[in-house]
Chemist: 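One structure coming up, written as structure tokens, with questions to follow.
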Amino acid sequence: MPSPLSRRSLLKTAALLAASTTLMRTDLAWAAGSGERLVVAADSEPKNLNPAIVASNGVFYISSKIVEPLAEASFSGRNGLEPRLATSWEGSQDGLSATFRLREGVTWHDGKPFTSADVAFSALSVWKPLQNLGRLVFANLESVDTPDEHTAIFHFSKPTPFQLIRNALPVVTSVLPKHLYDGTDIATNPLNTKPVGTGPFVFAEYKPGEYYRLTRNEKYWGKGQPKLDEIIYRVLPDRAGAATALEAGEIQLAAFSAVPLTDLARISKEPGIKVIADGYEALTYQLVVEINHRRKELADLKVRQAIAHAIDKKLVVDTVFLGYATNSTGPVPKNAPQFYTPDVKLYDFNVDKANALLDEAGYPRGADGNRFSLKLLPAPYFNETKQFGAYLRQALSAIGIDAQLVNNDAAAHQKAVYTDHAFDLAVAPTVFRGDPAISTTILVKSGTPAGVPFSNQGGYENKELDVIIDKAAQTVDEKQRTELYKVFQQKVKEDLPIINVAEWGFITVARDTVKNVASNPRWAVSNWADTAIEE
């Protein structure tokens, strides 16, 4: 059951980037609370709604109701999973194959039957070559056998840990209809904006700047599901607008912290409104300081240690996140107990120690009190990343480092940091996706080509760490693999290629008539088949 809002119980929160626009009121032919219609806030308008290509939360928020994965995250299921298009899964002892038993009696929204051919096509033609995360998980996928319509056997050219495959299932295995994609340019197929899936809801309409509309799949395989007749995603890029619309009864739910943190205490007291911190356990974000190791000063470990000691993590949690986060100890978050270890080197907030380290490194203060200057680029995606950038500038000034803030829009930021390497320090909101091999080790592993976002573009190279990462990626034994990732965390904290500061999830605010909110650890990006409205 969803828990009440608590600063102590969960590391939940943060908000999606607030746009400067105001609440747009549109002349719509629907209103919140009409029948079994759920009207929710959407702060962005993804143009590509194909989660098999773009595995991101912004896309999943809408498309997960339409296009289904093989399995979904679960609070109570075995290994934290529950079946979707696959009913069971197992990996071979040598790590060279994985077998999936598929659900029978499932049809695509156009009436065609779902079969193992769809899974094989999706894996080989989409997940492996095209998807941002599938490229990592299925890098060694060689072939997929389909001995019958409801069995798919994946074969790998190198040992691939089934632990990794299993952990990645909710994120990387959205299945596409082969009969509608095969023989087309998959990346530009028109269905990427009007998806066809097997999910509980059917894509019905998109009106730019106003709304997306999904309608009930009358032939959904889930018995008695979905509970809703319709979902409307109302485009409200201004977070204050989402709060206003909720209070006015114009929408019934705002996920992903669409309501500003500063409004939560007030809005939680409004009759008929509930604030829910659960349902994001598998969507942990981490606030990370990215470091350009090409800069001579930053290539010095003592300088990186000094920067770590200059950051007051408690102050960041209390002021930037208003207490709804937790300080980070390393590259794996605390709410990933399968891999997390607290046995790492910690850097307490200590300005005196930071100054002493910089003196030892040979960077004395000049006449103006500064030792050297750095270019600091906070990511623009969240208010919290921008606020932390301003804080970090002040924190560095206390130890004689002049940090010059450079604020860019999303496109310019990504180009500067991940393509041009035109930064010294950057602030990034990275995501832990259930396994260190997905979106985590890439932050420190060397050899990543320029242009890959949220990866090691700071020029850091540590051959010992690379060996650990590569070995873990091919270690089939789960216990051994887990131990390797604990060593990975320890090495990262010793050498500080990046600095992990805080970790957080999100908040959902909803009318109390909306039921079964936060029913799984990826609820906002799951299928909402059991979500209902009770007047």
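Please read all numbers here as calculations on a predicted model, not as lab measurements.
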Chemist: Between Leu405 and Ala390, which heavy-atom pair has the shortest distance, and what is it?
Modeler: CD1-CA, 4.1 Å
Chemist: Stepwise, does the side chain to side chain contact (heavy atoms under 4.5 Å, CB included) test hold for Ile307 with Leu298?
Modeler: CA-CA 10 Å; Ile307 293 172; Leu298 297 176; 3.8 Å; yes
Chemist: Would you kindly say whether Arg365 and Asn355 are connected by a side-chain donor-acceptor distance under 3.5 Å?
Modeler: yes
Chemist: Could you tell me whether the side chains of Gln252 and Arg511 share a donor-acceptor contact shorter than 3.5 Å?
Modeler: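 Gln252 vs Arg511: no donor-acceptor pair found between side chains.
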Chemist: To the nearest 0.5 Å, how far apart are CG in Asp263 and OG in Ser257?
Modeler: 12.0 Å
Chemist: Sequence neighbours excluded, which residues qualify as side chain to side chain donor-acceptor pair (under 3.5 Å) partners of Asp300?
Modeler: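 Partners of Asp300 under the side chain to side chain donor-acceptor pair (under 3.5 Å) test: none.
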Chemist: So, the side chain of Thr193 versus the backbone of Pro190: is there a donor-acceptor pair under 3.5 Å, distance only?
Modeler: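 It does hold such a pair.
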Chemist: Is there a side-chain contact between Leu246 and Val259 in this structure, where contact means two heavy atoms from C-beta onward sitting under 4.5 Å apart?
Modeler: yes
Chemist: Flag the pair Lys386 / Phe388 as yes when at least one side-chain heavy-atom distance between them is below 4.5 Å, and no otherwise.
Modeler: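 Contact flag for Lys386/Phe388 side chains = no.
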Chemist: State the CD-CG distance between Glu384 and Leu322, to the nearest 0.5 angstrom.
Modeler: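 Here the interatomic distance stands at 8.0 Å.
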Chemist: If you measure from the Lys or Arg side-chain nitrogens to the Asp or Glu carboxylate oxygens, is any gap between Arg166 and Asp435 under 4.0 Å?
Modeler: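 Salt bridge absent between Arg166 and Asp435.
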Chemist: Tell me if the CG atom of Asp343 is crowded by more than 12 foreign heavy atoms within 6.0 Å.
Modeler: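 Open: at most 12 neighbouring heavy atoms sit under 6.0 Å from CG of Asp343.
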Chemist: Just checking, is any N or O donor in the side chain of Tyr347 or Lys313 under 3.5 Å from an acceptor N or O on the other one?
Modeler: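 On atom types as modelled, these side chains do not qualify, holding no pair under 3.5 Å.
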Chemist: Compute whether any side-chain donor of one residue and acceptor of the other, for Thr508 and Tyr280, lie under 3.5 angstrom apart.
Modeler: yes
Chemist: Would Tyr233 and Tyr211 count as a ring pair (Phe, Tyr, Trp, His ring centres under 6.0 Å) if you check the C-alpha gap in whole Å, the side-chain angles of each, and the deciding distance to 0.1 Å?
Modeler: CA-CA 5 Å; Tyr233 291 87; Tyr211 62 88; over 10 Å; no
Chemist: Is there side-chain contact between Val67 and Ser174, with heavy atoms separated by less than 4.5 Å?
Modeler: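 Side chain of Val67 against side chain of Ser174, heavy atoms only: contact under 4.5 Å found.
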Chemist: Would you check if Val59 and Asn48 make a side-chain contact, meaning some heavy-atom pair closer than 4.5 Å?
Modeler: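 Counting from C-beta outward, Val59 and Asn48 never come under 4.5 Å.
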Chemist: Testing the 3.5 Å rule here: is there a donor-acceptor pair between the side chains of Glu290 and Tyr460?
Modeler: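 Judged by distance alone, the side chains do not pair up.
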Chemist: Start with the C-alpha gap between Asn527 and Ser64, add the side-chain angles, then the distance that decides, and say whether side-chain hydrogen bond (donor to acceptor under 3.5 Å, both in side chains) holds.
Modeler: CA-CA 5 Å; Asn527 68 14; Ser64 60; over 6 Å; no
Chemist: Are a donor atom and an acceptor atom from the side chains of Thr329 and Tyr340 found within less than 3.5 Å of each other?
Modeler: yes
Chemist: Nearest 0.5 angstrom please: Gln490 CD to Lys493 NZ, how far?
Modeler: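 Separation between the atoms: 11.0 Å.
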Chemist: State whether Lys345 and Glu494 are salt-bridged, where the test is any N-O pair (Lys NZ or Arg NE/NH1/NH2 against Asp/Glu carboxylate O) under 4.0 Å.
Modeler: no
Chemist: Considering all heavy atoms of both residues, which atom of Ile276 and which atom of Ala518 are nearest to each other, and what is their separation?
Modeler: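 Shortest heavy-atom separation between Ile276 and Ala518 comes out as CG2-CB, 3.9 Å.
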Chemist: I'd like to check Val525 versus Leu283 (side-chain heavy atoms, cut-off strictly below 4.5 Å). Are they in contact?
Modeler: yes
Chemist: Mind listing the closest non-hydrogen atom pair of Gly58 and Pro46 along with its distance?
Modeler: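 Heavy atoms of Gly58 and Pro46 come nearest at O-CG, 3.7 Å.
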Chemist: Rounded to the nearest 0.5 Å, what separation is found between the CD1 atom of Ile291 and the CZ atom of Phe423?
Modeler: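 Going from the CD1 atom of Ile291 to the CZ atom of Phe423 covers 9.0 Å.
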Chemist: Is it true that Glu72 and Arg522 have a side-chain N and a carboxylate O under 4.0 angstrom from each other?
Modeler: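 So Glu72 pairs with Arg522 through a salt bridge.
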Chemist: Start with the C-alpha gap between Lys47 and Tyr206, add the side-chain angles, then the distance that decides, and say whether side-chain hydrogen bond (donor to acceptor under 3.5 Å, both in side chains) holds.
Modeler: CA-CA 10 Å; Lys47 303 307 178 187; Tyr206 167 51; 3.1 Å; yes
Chemist: Before giving the answer on side chain to side chain contact (heavy atoms under 4.5 Å, CB included), spell out for Leu358 and Lys302 the whole-Å C-alpha distance, their side-chain angles and the decisive distance to 0.1 Å.
Modeler: CA-CA 7 Å; Leu358 289 171; Lys302 288 184 178 180; over 6 Å; no
Chemist: Do Val303 and Leu357 have side-chain heavy atoms sitting under 4.5 Å apart?
Modeler: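 Side-chain contact under 4.5 Å: no.
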Chemist: So which atom in Lys128 and which in Ala139 form the shortest heavy-atom distance, rounded to 0.1 Å?
Modeler: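 What the structure gives for the nearest pair is CE-O, 3.6 Å.
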Chemist: Does a side-chain N-to-carboxylate-O contact under 4.0 Å join Arg371 and Asp359?
Modeler: yes
Chemist: Using a strict 4.0 Å threshold on nitrogen-to-oxygen distance, state whether Asp495 and Lys491 make a salt bridge.
Modeler: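 Here Asp495 does not pair with Lys491 in a salt bridge, since their nearest N and O are not under 4.0 Å apart.
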Chemist: Assess the residue pair Glu247 and Ile273 against the criterion (side chain to side chain contact (heavy atoms under 4.5 Å, CB included)); give the C-alpha distance rounded to whole Å, side-chain angles, the decisive distance to 0.1 Å, and a yes or no.
Modeler: CA-CA 8 Å; Glu247 292 176 286; Ile273 292 180; 4.2 Å; yes
Chemist: For Glu503 and Ser328, does a side-chain donor sit closer than 3.5 Å to a side-chain acceptor?
Modeler: yes
Chemist: Are the side chains of Pro497 and Asn462 in contact, using a 4.5 Å heavy-atom criterion?
Modeler: no
Chemist: Look at Arg304 together with Glu297 and state whether they make a salt bridge at an N to O cut-off of under 4.0 Å.
Modeler: no
Chemist: Can you give me the closest heavy-atom contact between Ala168 and Ile438, atom names plus distance?
Modeler: CB-CD1, 3.5 Å
Chemist: Which residue pairs satisfy the side-chain hydrogen bond (donor to acceptor under 3.5 Å, both in side chains) criterion with at least one member in residues 446-455, sequence neighbours excluded?
Modeler: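 Every side-chain hydrogen bond (donor to acceptor under 3.5 Å, both in side chains) pair that includes a residue of residues 446-455, provided the two are not neighbours, is Ser446-Asp466, Ser455-Gln457.
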Chemist: Report the C-alpha distance between Val427 and Leu376 in whole Å, list the side-chain angles of each, state the deciding distance to 0.1 Å, and finish with yes or no for side chain to side chain contact (heavy atoms under 4.5 Å, CB included).
Modeler: CA-CA 8 Å; Val427 180; Leu376 171 59; 4.2 Å; yes
Chemist: Looking at NZ of Lys463 and CD of Glu461, how far apart are the two atoms once the value is rounded to the nearest 0.5 Å?
Modeler: 4.0 Å
Chemist: Salt bridge check, Lys375 against Asp424: does any charged N sit closer than 4.0 Å to a carboxylate O?
Modeler: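 Looking at Lys375 together with Asp424, the answer is no, because their closest N to O distance does not fall below 4.0 Å.
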Chemist: Hey, what do you get for CG (Asn500) to CG (Asn327), rounding to the nearest 0.5 Å?
Modeler: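 Between Asn500 CG and Asn327 CG, I get 11.0 Å after rounding to 0.5 Å.
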Chemist: For ring pair (Phe, Tyr, Trp, His ring centres under 6.0 Å), just list the numbers for Phe506 and Tyr285, CA-CA rounded to whole Å, side-chain angles, deciding distance to a tenth of an Å, and then say yes or no.
Modeler: CA-CA 9 Å; Phe506 294 97; Tyr285 276 70; 5.1 Å; yes
Chemist: Is there side-chain contact between Ile165 and Val137, with at least one heavy-atom pair below 4.5 Å?
Modeler: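 Result yes, sub-4.5 Å side-chain heavy-atom pair found.
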Chemist: Ignoring hydrogens and geometry beyond distance, is a side-chain donor-acceptor pair present between Asn292 and Arg294 at under 3.5 Å?
Modeler: yes
Chemist: Tell me the closest heavy-atom pair linking Ile62 and Leu214, and the distance in Å.
Modeler: O-CD1, 3.9 Å
Chemist: Under 3.5 Å, which donor-acceptor pairs link side chains of residues 391-399 to any protein atom two or more places apart or in another chain?
Modeler:
from	atom 1	to	atom 2	distance (Å)
Tyr391	OH	Asp312	N	2.8
Arg393	NE	Ala403	O	3.1
Ser397	OG	Gln394	O	2.6

Chemist: Is the positively charged end of Lys486 above the ring of Phe488, judged by distance under 6.0 angstrom from the centroid and angle within 45° of the axis?
Modeler: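 Judged by the rule, Lys486 and Phe488 form no cation-pi pair.
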